[in-house]
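Written below as structure tokens is the structure these notes are about.
Convention: sequence-line order gives letters A, B, ...; per-chain numbering from 1.
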Amino acid sequence: MAKPREIWVLPEINGSDAEISKLSLGLLSEAKSIAESVGGTVTALVLGDQTPDYSVVLGQYGVSSAYVFNDPALKYFSAGAYSAALLAKMQEDKPWLLLMGHAAVGRELAPRLAALLETGLVSNCARIDLSHPESPRFYRFVYGDQLYQEVVFQAAPTTMLVTMDPRVLNITPVARTGKVRTQLIEPELSPGSIRVKHLDFFPADFQTVDVAEADTIIAAGMGAVTDELLPLVEELAGLIEGSIGTTRPVIDEGKIPRERMIGQTGKVVSPEFYMALGISGATHHVGGIQDSGKIVSINRDPRAPIFQNSDVGAAADLRDILPKLIERIRRAKSNGEIL
Amino acid sequence: MAKYFDVIIVGAGPAGSMAALKLARAGLNVCMLERGQHPGAKNMFGGLLHNTPVLNEMLPSFWERAPLERYVYKKVLAFMTPDSAVSLTFENGNFEQPPYNGCTVFRPAFDSWLAGEAVKEGALLLCDCTAEDLIRKNGQISGVTVKGREGELRGNIVIAADGVMSFMAEKAGLRRDFRPGDLGVGIKLLLGLPEDTINERFHLVRDEGADISFLGTTGGLCGGSFLYTNRESISVGMVVHLDSLKASGQAPYDVLDELLEHPQVKKLIKGAVPLEYSAHLIPEGGIKSMPHVYTGGMMVAGDAAGLCYTNGINLEGINLAMTSGVLAAETAIEAIEAGDYSARMLSSYKKKLDGSFIIKDMKTFKNAVGMMRLERLSRTYPQLLTDILEKVYRVEGTPRSKLLRLARKEALKKIGLKGLVSDGIKIGRSLL
Amino acid sequence: MKIIVCLKEVVDSTLSLDFGLRNEVVFGEGLPLRLNPNDAEALAMALALRSPDTDSLFEITLISIGPERVESHLRNGLALGADRAMRIWDEGFVSLSSHQKAKLLAGAVTLFGADLVFTGAVSMDTGNGQVGPLVAAWLDLPCVGSVVGLELVEEKEAIHLTRDAGRGEREKVRCSLPAVITVKGEGKLPYASLDRLIESKYSEIVSLSLADLGISPLELKNDPTWVTGLAYPRPRPRKVPTPESSLPAFYRILKLLEGGISRRQGRMLEGSGEELADQLFELLLAEGVIKPATGP
Ligand SMILES: Cc1cc2nc3c(=O)[nH]c(=O)nc-3n(C[C@H](O)[C@H](O)[C@H](O)COP(=O)(O)OP(=O)(O)OC[C@H]3O[C@@H](n4cnc5c(N)ncnc54)[C@H](O)[C@@H]3O)c2cc1C
Ligand SMILES: Cc1cc2nc3c(=O)[nH]c(=O)nc-3n(C[C@H](O)[C@H](O)[C@H](O)COP(=O)(O)OP(=O)(O)OC[C@H]3O[C@@H](n4cnc5c(N)ncnc54)[C@H](O)[C@@H]3O)c2cc1C
Ligand SMILES: Nc1ncnc2c1ncn2[C@@H]1O[C@H](COP(=O)(O)O)[C@@H](O)[C@H]1O
């Protein structure tokens, strides 16, 4: 019988995080599901300085063991320090697969590790076909999600490196929580070898936060981004501390940065409160807002499909209602009615 | 490296590129400005490049090198009522021989190629450069400025080949404001369809293409519609007069939709994938609303000079643009030899235009659209029509006689006026 | 300071390419192309390092791997102020993987030397985002990814960078030189002046082959992953929330079939503009989006 395949996963856990990011939970879930289909075990990699104990959460996602790398140089992410810490262990254990997120850490770390280990990397992977576990096929989106590319590893690599497209990850805790074997590793990185040094940190605020992680979203569609309306949308977002999201045609016109696109080809969001302004409600868009708490829409067309996907709707012209709503909130702020 | 040019050409469309080619061949320093990322990037048209003698002459056997889609072997004229169609098909073996009588082309590819030929001869092409204003010296035009870019371009002569809205002609005071009657609007939908399907559906082999003109499908508006086959796509569109569109209060796309919904057209485009919608203006005022085409230091060519017409079946513009570009270049060469860029010197451009088929045809078809009344043509013998249509379709760069006169002449010869009227034969073939 | 900026021409995937991709050719001239937006941002960032009095301190070299066509982007870069441009191409190159391109670029960086190499964080068409970090790793250089800001400091051997640390967070780091940075942004380049634009048309573009870079064809071939096919995506594996187990089977299946798109019972607000604004305000309060001032 073949020995169980070792699946390593690197959730992007930050020592300073209050809670583990959705991306990390998604990665853990994905690793577990791969392990189940090929018969393997999941090992999580946690890097940091004085990392808190995450074993309870890891257990909830079916992780059986964890390597915790502790070193002052790992306090903040740098591809140099992280790869230096991981390299020896990877060369020693030769895991079958190392799974990362195609996000801040994985994007930089994965190619560096691939180069150091002389193996390959499938980046931004959307699907893994494991029907032949000895030669998995990896699928990734190219051309703005218009084509699917199939990638395979040539010959037998020591370790296959994969970064997963965050948009495809699902969070699926396992039913029975197991015990996590944790091994602490102190790589003792020499400070002189670290060439990228952390200086300062600017935490996300509602204006910069990734829409996928935002609690309140003000989404502006084509009906809300005229030169006259967009400043009002921004003002409203500022007043209620909402992150701005948008639809594809708005992105294509370059009015709002690409990373704020919501929907099937954009980001899947799950805020507690989602407000759709001037959005028609195409399934391409609505497919990405299903997990939202409350959905409130304003559209001047009373038959706009968005209303069927909203908890509350108002058929009104934004040019009329936005100034009024802003004025109402302003008034409440100045007379001490609200904070 | 020249920063002062013999000739500055604004617009790298067919008119501009042919002028540049001619001038560069004559060893002159030419600079061509194009506002698109590459020539043709923003250009569209129905899709039919008519046989143009100057093109054959300047770039012999161009069809072997140019990016052409298909040559037009089959011409169809379809008279449409809301639910039926009567059509005439005209196939001619001669159309299959070089120089082809017409080819379908994509402007982005064709315009780039044509401009490239001029560049090969030494013309300087500056893309992403929108001419903004004219520079004058001693009352004569002597250069242009470019939007958003520091500096200016100076030269002896400016050729404005900047298309129908020609801001250069306007800045030079060569044309009055447009009236809706001067302009037509062309709307086109590009539909993707596999090559084999096109061949099968339109009964074509290899590089053969079809050109279908529809009459009576413009929702009661003045104008006509067309369908051309490209290699892996078909272009369907229509050209309507701006004033009739305005009067009808319809949106252009709705009018086009009506055409697409016509049962006969629907059959032809079944299963096709919409690729691109586009709309463009067309100078349709005819000879009456042509601007002045020259002034001191400047000439105007192509659509910019209002050189475009339709006789209801053919829309001709590209061939006129290329020819006028070459004529403007010839005039520039003479002027540069003489060292005289005055209006008087450049007036010979107008004479050259007048002497060419361009102005003659434009005069001939002055009121062509009005004459292309459905009832009249639909009552004629197929044989008769093919004879006439061969003459109509064959574009040889020589002046042609007026369509109706042609029809009458041929008809009288064959069956006599009385027979013609009373026969009223239905041309029973449905569309293809 | 010797700077290298890598420029890639990409297929403009903001446009609908459906038919073009399926049939290889749509508009005769092929797919719509543009300079990778991240690379445009990188170029803008590199050029911005210069000011009239520091001009001579920087030497900016542009490199692009691609057929002759890509020279238009190189020339535009020259017109905007880069000092020289190189194009890498060789017979038989068709489409190269990130791994292969990184090999070529690492070769070029070794050959010409650089204190700072700029690449884009990711290319808009193929989206690998591997080239920059691979070049850095092979040349044993530090690499900072998703850079959105750059500052020169007193210290000659280092720079300060602001990077997008994900989830909207930003981090400022000090990076020792030489280094590779990958730049994120939608880059809009300014228009070059007419004089510079004309000059650039006559500038020489150094053309480099595999042999010039001292790389053997075999070495280039050696790529650990292969692209084995292109296909039309199935509907994107969408997040389908597991239907509530309390629902009858029929409804659970229905929910799955809807792909997770569940209709909500839209309650429509009624009233005049003022009244609507009031109701929306109350709603924001009720949902806790805005917080009532507590206490009397
Ligand atoms: C393959 C593919 C993938 C796609 N992926 C995505 C995706 O991931 N995300 C996405 O968002 N889209 C996506 N789209 C595009 C999607 O199909 C829709 O075109 C898009 O979502 C529509 O955006 P919109 O609602 O902003 O614009 P529109 O459909 O133009 O709607 C504008 C709305 O604003 C209203 N309006 C206008 N003016 C006012 C006013 N003054 N006051 C109030 N209301 C006003 C109008 O009534 C209208 O309903 C995709 C499309 C394709 C083909
Ligand atoms: C729907 C439609 C169908 C048609 N069908 C046919 C047909 O089947 N056959 C036919 O022969 N003709 C047809 N025509 C007409 C034909 O397209 C034109 O007559 C022809 O393109 C004119 O060529 P041109 O070079 O004068 O102008 P254009 O092709 O318009 O070229 C002008 C060029 O100048 C550039 N430009 C404009 N302003 C500036 C500036 N300020 N600075 C720099 N560059 C500038 C433009 O980008 C463009 O490249 C059709 C037109 C339309 C709209
Ligand atoms: N053909 C190329 N020529 C020059 N640079 C390239 C090329 N391909 C990729 N790069 C660089 O590598 C970056 C990331 O590319 P990719 O790994 O393909 O996402 C791009 O933004 C470019 O800066």
Side-chain angles (χ1 to χ4, degrees), chain A residues 79-80 103-104 107-108 111-112 115-116 119-120 123-124 142-144 146-154 157 168 170 195-204 208-210 213 216 240 252 264 268 273 286-287 290 294 307-314 316 320-321 324-325 328 336 338-339, chain C residues 11 13-14 17-18 21 125-130 133-134 137-138 142-145 165-176 186 224-233 236-239 260-261 263-264 266-269 273-274 276-278 280-281 283-284 287 289-293:
Chain A
R107 262 202 292 262
E108 283 179 58
R112 194 162 188 103
L116 296 174
T119 182
S123 56
N124 212 15
V142 289
Y143 300 112
Q146 299 182 66
L147 268 188
Y148 228 16
Q149 198 182 48
E150 183 189 82
V151 183
V152 299
F153 279 86
Q154 193 194 146
V168 303
N170 298 310
R195 293 170 293 183
V196 180
K197 287 207 168 63
H198 170 83
L199 294 177
D200 208 350
F201 195 71
F202 310 98
T208 60
V209 73
D210 188 330
E213 307 271 345
T216 303
I240 67 168
D252 290 345
Q264 231 175 74
V268 174
F273 186 84
V286 174
Q290 289 306 301
K294 266 275 186 299
F307 290 128
Q308 298 181 339
N309 289 289
S310 310
D311 299 294
V312 178
D320 173 46
I321 191 111
K324 293 199 167 97
L325 181 56
R328 180 71 188 85
I338 59 169
L339 290 178
Chain C
V11 172
S13 43
T14 58
L17 304 171
D18 185 66
L21 292 170
D125 54 356
T126 47
N128 278 298
Q130 296 196 30
L134 284 176
W138 284 330
C143 178
V144 178
R167 296 186 273 163
E169 293 161 359
R170 301 207 154 179
E171 188 194 11
K172 192 164 170 184
V173 297
R174 172 194 173 278
C175 178
S176 66
E186 301 252 310
T225 58
W226 281 344
V227 172
T228 42
L230 279 176
Y232 278 85
R236 176 64 191 283
R238 219 178 354 216
K239 259 195 189 176
I261 297 192
R263 295 203 160 186
R264 299 188 183 218
R267 173 168 65 92
M268 293 302 280
L269 302 177
E274 297 289 349
L276 286 178
D278 261 344
L280 286 168
F281 176 82
L283 188 72
L284 290 173
E287 290 300 320
V289 178
I290 44 178
K291 315 243 171 354

Identify the heavy atoms of [X] and [Y] that sit nearest to each other, and give their distance.
X	Y	result
C/A165	A/A104	O-CB, 3.3 Å
A/S123	C/G127	OG-O, 4.3 Å
A/G120	C/T225	CA-CG2, 4.0 Å
C/F281	A/L325	N-CD1, 3.9 Å
C/A137	A/A115	CB-CB, 3.4 Å
C/P142	A/V196	CB-CG2, 3.9 Å

* To do: Name the option with the most non-hydrogen atom pairs under 4.5 Å to chain C; the candidates are A/H198, A/E213, A/E108.
  =>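 Looking at each option in turn, the highest pair count goes to A/E108.
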
Under 4.5 Å, counting heavy-atom pairs only, tell me which of A/I240, A/V209, A/D200, A/V142 racks up the most with chain C.
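Of the options given, most contacts go to A/D200.
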
Relative to chain C, which segment of [X] carries a heavy atom at a distance below 4.5 Å: side chain, backbone, both, or neither?
X	answer
A/F307	both
A/D320	side chain
A/T216	side chain
A/Q149	both

Flag the pair A/I321 / C/L280 as yes when at least one side-chain heavy-atom distance between them is below 4.5 Å, and no otherwise.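 In contact.
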
| Relative to chain A, which segment of C/E287 carries a heavy atom at a distance below 4.5 Å: side chain, backbone, both, or neither? |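 Just its side chain gets close to chain A.
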
Please enumerate all residues that pass ring-ring contact (aromatic ring centres under 6.0 Å, His included) together with A/F153, with sequence neighbours excluded.
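For A/F153 the ring-ring contact (aromatic ring centres under 6.0 Å, His included) partners, ignoring immediate neighbours, are A/F138.
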
Distance, nearest 0.5 Å, that separates [atom1] of [X] from [atom2] of [Y]:
X	Y	atom1	atom2	result
C/L284	A/I338	CG	CD1	8.5 Å
A/F273	C/L283	CZ	CG	5.0 Å
A/F202	C/K172	CZ	NZ	6.0 Å

A quick test of your reading: do over 12 heavy atoms of other residues, nucleotides or ligands sit less than 6.0 Å from NZ of A/K197?
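Yes, enclosed.
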
